[in-house]
J.: 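Here's a structure for you.
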Amino acid sequence: MSLMLSVGARVRKSPFFSSARKAGLAAASVYNHMYMPTSYGDPAAEYDRLVNGVAMWDVAVERQVALKGPDALKLARLLTPRNLDGLTIGQGKYVPICNYDGVIINDPVLLLVDDDEIWLSIADSDIVLWASAIAGAHKMNVRVFEPDVSPLAIQGPKSADVVAALFGDWVKELRYFGFRVTELQGIPLVVARSGWSKQGGFELYLRDGSRGAELWDLVAKAGAAYGIGPGTPNYVERLESGLISYGADTDDRTNPFELGMDNFINLDQPHDFIGKPALQAIKAAGVSRRFIGLLIDGAPFKGGNEHRWDVTLNGAYAGFASACAYSPRVQSNIGVGMVSTEAIAASDGVAIVTDDGILPARTASFPLI
Ligand code: THG
């Protein structure tokens with residue numbers, strides 16, 4: 001059932017917001033205190049563009065938290081359990097952030113912009129408050145703030161052609177999460193190889209919020225030859241690929257090991273970081289549930305689920321499915337969720353308690369495709 005969204009002064013707008021509405025924006029959610037586009041009204045076309053062509057997404061909700069000053073790297077090392085040794089200017093990294101209990105509180109992409117400047121490109125939680133409080137308590141020489149930076153994603157197999165048409169062939173040499181500070185017809189931005197899909201893509205981090213419409217139009221024009229169209233972080237493709245959606249897939253006790261982030265948690269580093277003792281204890285104890293894919297029986301779902309659905313093993317609670325949808329490529333209903341290791345090990349007896357009844361399901365590792 002559709003629901004109207006009130007647009008007012010309290011919730012922040014993306015610099016691309018007017019352009020997105022002109023392009024037919026049909027639905028939005030709220031993320032980092034901003035409207036986040038979620039649909040242009042034709043999910044099948046938006047999915048097809050992402051997996052076969054190229055799409056442009058207003059993802060300005062991925063706010064940047066800048067750490068600027070001599071202690072920028074020191075603060076970043078305190079904030080994340082990930083080893084930042086060898087990080088070079090122009091290279092990004094996926095860096096989970098945990099609280100003192102080892103609970104994940106964000107999963108940003110970190111960009112080393114300069115020797116004394118780091119951006120955390122955050123998911124949906126208030127890291128500017130967390131990081132500035134920690135910097136203050138540790139009397140660090142660093143400023144923590146949200147700069148005027150707004151990402152526009154270009155995703156899909158034809159994205160490299162569109163971005164090369166705008167900037168030149170050098171963009172094809174960027175490594176994953178690699179980036180360059182540059183400009184486009186005088187519009188200051190950062191070009192990065194990144195984005196929340198496994199279809200290949202780039203993100204243009206606009207560095208002047210007054211020029212959103214200009215950048216949107218340049219991308220739309222360069223992309224026209226490749227059939228570019230508007231889209232949003234894709235509900236179905238992210239399930240197929242197993243990309244984590246902080247807040248949807250996580251709860252207030254989710255730890256990074258449950259999410260399969262073992263490679264991003266480096267407990268043997270000599271320095272202290274927030275959550276280190278808790279994470280050591282969690283690792284020693286082992287996890288009892290994990291983030292996993294689900295293949296679900298039944299007639300194709302019409303849309304997504306509005307709230308978490310229980311996962312059961314032989315009728316007993318065994319976790320939750322956070323997001324489910326019909327996948328045209330898997331030709332089945334699929335989902336992702338946090339499921340007990342016991343249910344994951346079981347070959348049958350798993351089911352999902354949907355709003356319209358109980359459906360048999362199987363767990364499956366990513367990608368589901
Ligand atoms: N782009 C930018 N900022 C972001 C996101 C983004 N901030 C919020 C959110 N998305 C961060 N979350 C993710 C989650 C997964 C990935 C990127 C951002 C991702 N993961 C790959 C994977 O899981 O296979 C690769 C991880 C790796 O190997 O390091 O791409 O989309 N600017």
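Below, all heavy atoms of this structure are taken into account, side chains as well, without hydrogens, waters or symmetry copies. In what follows, residues are counted from 1 in the order of the sequence shown.
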J.: What's the shortest heavy-atom distance between Cys324 and Asn305, and which atoms?
T.: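 Scanning both residues, the minimum pair turns out to be N-OD1, 2.7 Å.
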
J.: Taking all non-hydrogen atoms of both residues, which atom of Tyr47 and which atom of Glu240 are closest, and how far apart?
T.: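 Smallest interatomic distance, heavy atoms only, reads OH-OE2, 2.6 Å.
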
J.: Is the CD atom of Glu342 crowded by more than 12 outside heavy atoms at less than 6.0 Å?
T.: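 Open: at most 12 neighbouring heavy atoms sit under 6.0 Å from CD of Glu342.
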
J.: Spell out, as yes or no, whether a donor-acceptor pair under 3.5 Å connects the side chain of Asp58 to the backbone of Ala60.
T.: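 The answer is yes, because a donor-acceptor pair under 3.5 Å joins these two groups.
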
J.: Rounded to the nearest 0.5 Å, how far does OG of Ser150 lie from CD of Glu203?
T.: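 Here the interatomic distance stands at 12.0 Å.
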
J.: Please assess Val190 against Gln64 for the test side chain to side chain contact (heavy atoms under 4.5 Å, CB included), listing each intermediate value before the final yes or no.
T.: CA-CA 12 Å; Val190 165; Gln64 308 306 297; over 6 Å; no

J.: Does Pro81 offer a backbone N or O that forms a donor-acceptor pair with the side chain of Gln269 under 3.5 Å?
T.: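 Side chain of Gln269 to backbone of Pro81: a pair is present.
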
J.: Carefully, step by step, assess Met56 and Phe16 under the rule side chain to side chain contact (heavy atoms under 4.5 Å, CB included).
T.: CA-CA 11 Å; Met56 56 194 287; Phe16 312 113; over 6 Å; no

J.: Calculate, to the nearest 0.5 Å, the distance between atoms CG and CH2 belonging to Asp114 and Trp119 respectively.
T.: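 Asp114 CG to Trp119 CH2: 10.5 Å, rounded to 0.5 Å.
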
J.: For a salt bridge (charged side-chain N to carboxylate O under 4.0 Å, His left out) with Glu258, tell me which candidate from Arg289, Lys283, Arg290 qualifies.
T.: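 Running salt bridge (charged side-chain N to carboxylate O under 4.0 Å, His left out) over Arg289, Lys283, Arg290 with Glu258 returns exactly one hit, Arg289.
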
J.: What pairs with Tyr35 under ring pair (Phe, Tyr, Trp, His ring centres under 6.0 Å), at least two apart in sequence or on another chain?
T.: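 Ring pair (Phe, Tyr, Trp, His ring centres under 6.0 Å) check on Tyr35 returns Phe17.
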
J.: Among Ile118, Ile122, Val65, exactly one meets side chain to side chain contact (heavy atoms under 4.5 Å, CB included) together with Leu110. Which residue is that?
T.: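 Between Leu110 and the candidates, side chain to side chain contact (heavy atoms under 4.5 Å, CB included) is satisfied uniquely by Ile118.
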
J.: List the atom of Ala76, the atom of Leu84, and the distance in Å for their closest heavy-atom pair.
T.: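 Heavy atoms of Ala76 and Leu84 come nearest at CB-CD1, 3.8 Å.
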
J.: To the nearest 0.5 Å, what is the distance between CG on Leu184 and CG on Leu166?
T.: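 The CG atom of Leu184 sits 5.5 Å away from the CG atom of Leu166.
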
J.: Is there a donor-acceptor contact under 3.5 Å from the side chain of Asn255 to the main chain of Gly102?
T.: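 Checked: no pair found.
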
J.: Would you say the side-chain atoms of Arg143 pair up with the backbone N or O of Lys68, donor to acceptor, closer than 3.5 Å?
T.: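 Not at all, since once roles are kept as given, no pair shorter than 3.5 Å links the two residues.
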
J.: Suppose we screen for ring pair (Phe, Tyr, Trp, His ring centres under 6.0 Å). Which residues come up paired with Phe366, at least two apart in sequence or across chains?
T.: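 Partners of Phe366 under the ring pair (Phe, Tyr, Trp, His ring centres under 6.0 Å) test: Phe291.
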
J.: Can you confirm whether more than 12 heavy atoms, excluding those of Asp348, are under 6.0 Å from its CG atom?
T.: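 No, not enclosed.
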
J.: As a quick check of understanding, evaluate side chain to side chain contact (heavy atoms under 4.5 Å, CB included) for Leu294 and Val336, giving each step before the final call.
T.: CA-CA 6 Å; Leu294 296 158; Val336 301; over 6 Å; no

J.: Is a donor on one side and an acceptor on the other found under 3.5 Å between the side chain of Asp169 and the backbone of Ala164?
T.: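 No; zero donor-acceptor contacts below 3.5 Å.
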
J.: Does a donor on one side chain sit under 3.5 Å from an acceptor on the other, for Asp107 and Tyr94?
T.: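 The criterion, which ignores hydrogens and geometry beyond distance, is satisfied for Tyr94 and Asp107.
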
J.: Could you grab the distance from atom CD1 of Ile127 to atom CG of Leu79, nearest 0.5 Å is fine?
T.: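 Rounded to the nearest 0.5 Å, the CD1-CG separation comes to 7.5 Å.
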
J.: Please lay out, stage by stage, how Tyr31 and Trp196 fare under the test ring pair (Phe, Tyr, Trp, His ring centres under 6.0 Å).
T.: CA-CA 15 Å; Tyr31 188 107; Trp196 201 62; 8.7 Å; no

J.: Under 3.5 Å, side chain of Arg193 to main-chain N/O of Lys172, donor-acceptor pair present?
T.: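 The answer is yes, because a donor-acceptor pair under 3.5 Å joins these two groups.
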
J.: Are the charged groups of Asp356 and Lys302 less than 4.0 angstrom apart, N to O?
T.: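 No, this pair does not count.
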
J.: So, does Asn266 use its side chain to make a donor-acceptor pair with the main chain of Asp268 at under 3.5 Å?
T.: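 No, because the side chain of Asn266 does not come within donor-acceptor range (under 3.5 Å) of the backbone of Asp268.
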
J.: Under 3.5 Å, side chain of Glu237 to main-chain N/O of Lys198, donor-acceptor pair present?
T.: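 Indeed, once roles are kept as given, a pair shorter than 3.5 Å links the two residues.
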
J.: Using the ring pair (Phe, Tyr, Trp, His ring centres under 6.0 Å) criterion, which residues pair with Phe167? Sequence neighbours excluded.
T.: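 Phe167 satisfies ring pair (Phe, Tyr, Trp, His ring centres under 6.0 Å) with no other residue.
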
J.: Please check if atom CZ in Arg207 has more than 12 non-hydrogen atoms from other residues, nucleotides or ligands closer than 6.0 Å.
T.: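 For Arg207, atom CZ is crowded (more than 12 foreign heavy atoms under 6.0 Å).
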
J.: Is a side-chain N or O of Arg12 found less than 3.5 angstrom from the main chain of Asn32, in a donor-acceptor match?
T.: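 Side chain of Arg12 to backbone of Asn32, a donor-acceptor pair under 3.5 Å: yes, one is there.
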
J.: Report the distance from atom CG of Asn234 to atom CD of Gln155, rounding to the nearest 0.5 Å.
T.: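 Reported to 0.5 Å precision, the distance equals 10.5 Å.
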
J.: What's the separation between atom CG in Asn99 and atom CG in Asn106, rounded to the nearest 0.5 Å?
T.: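 Here the rounded value is 12.0 Å.
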
J.: Specify the closest pair of heavy atoms between Asn83 and Arg77, including all atoms of both residues, with the distance to one decimal.
T.: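 Reported closest heavy-atom pair: OD1-NH1, 4.3 Å.
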
J.: Do the side chain of Asp272 and the main chain of Leu78 share a donor and acceptor less than 3.5 angstrom apart?
T.: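 No, because the side chain of Asp272 does not come within donor-acceptor range (under 3.5 Å) of the backbone of Leu78.
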
J.: Shortest non-hydrogen contact from Lys276 to Leu267?
T.: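 What the structure gives for the nearest pair is CE-O, 3.5 Å.
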
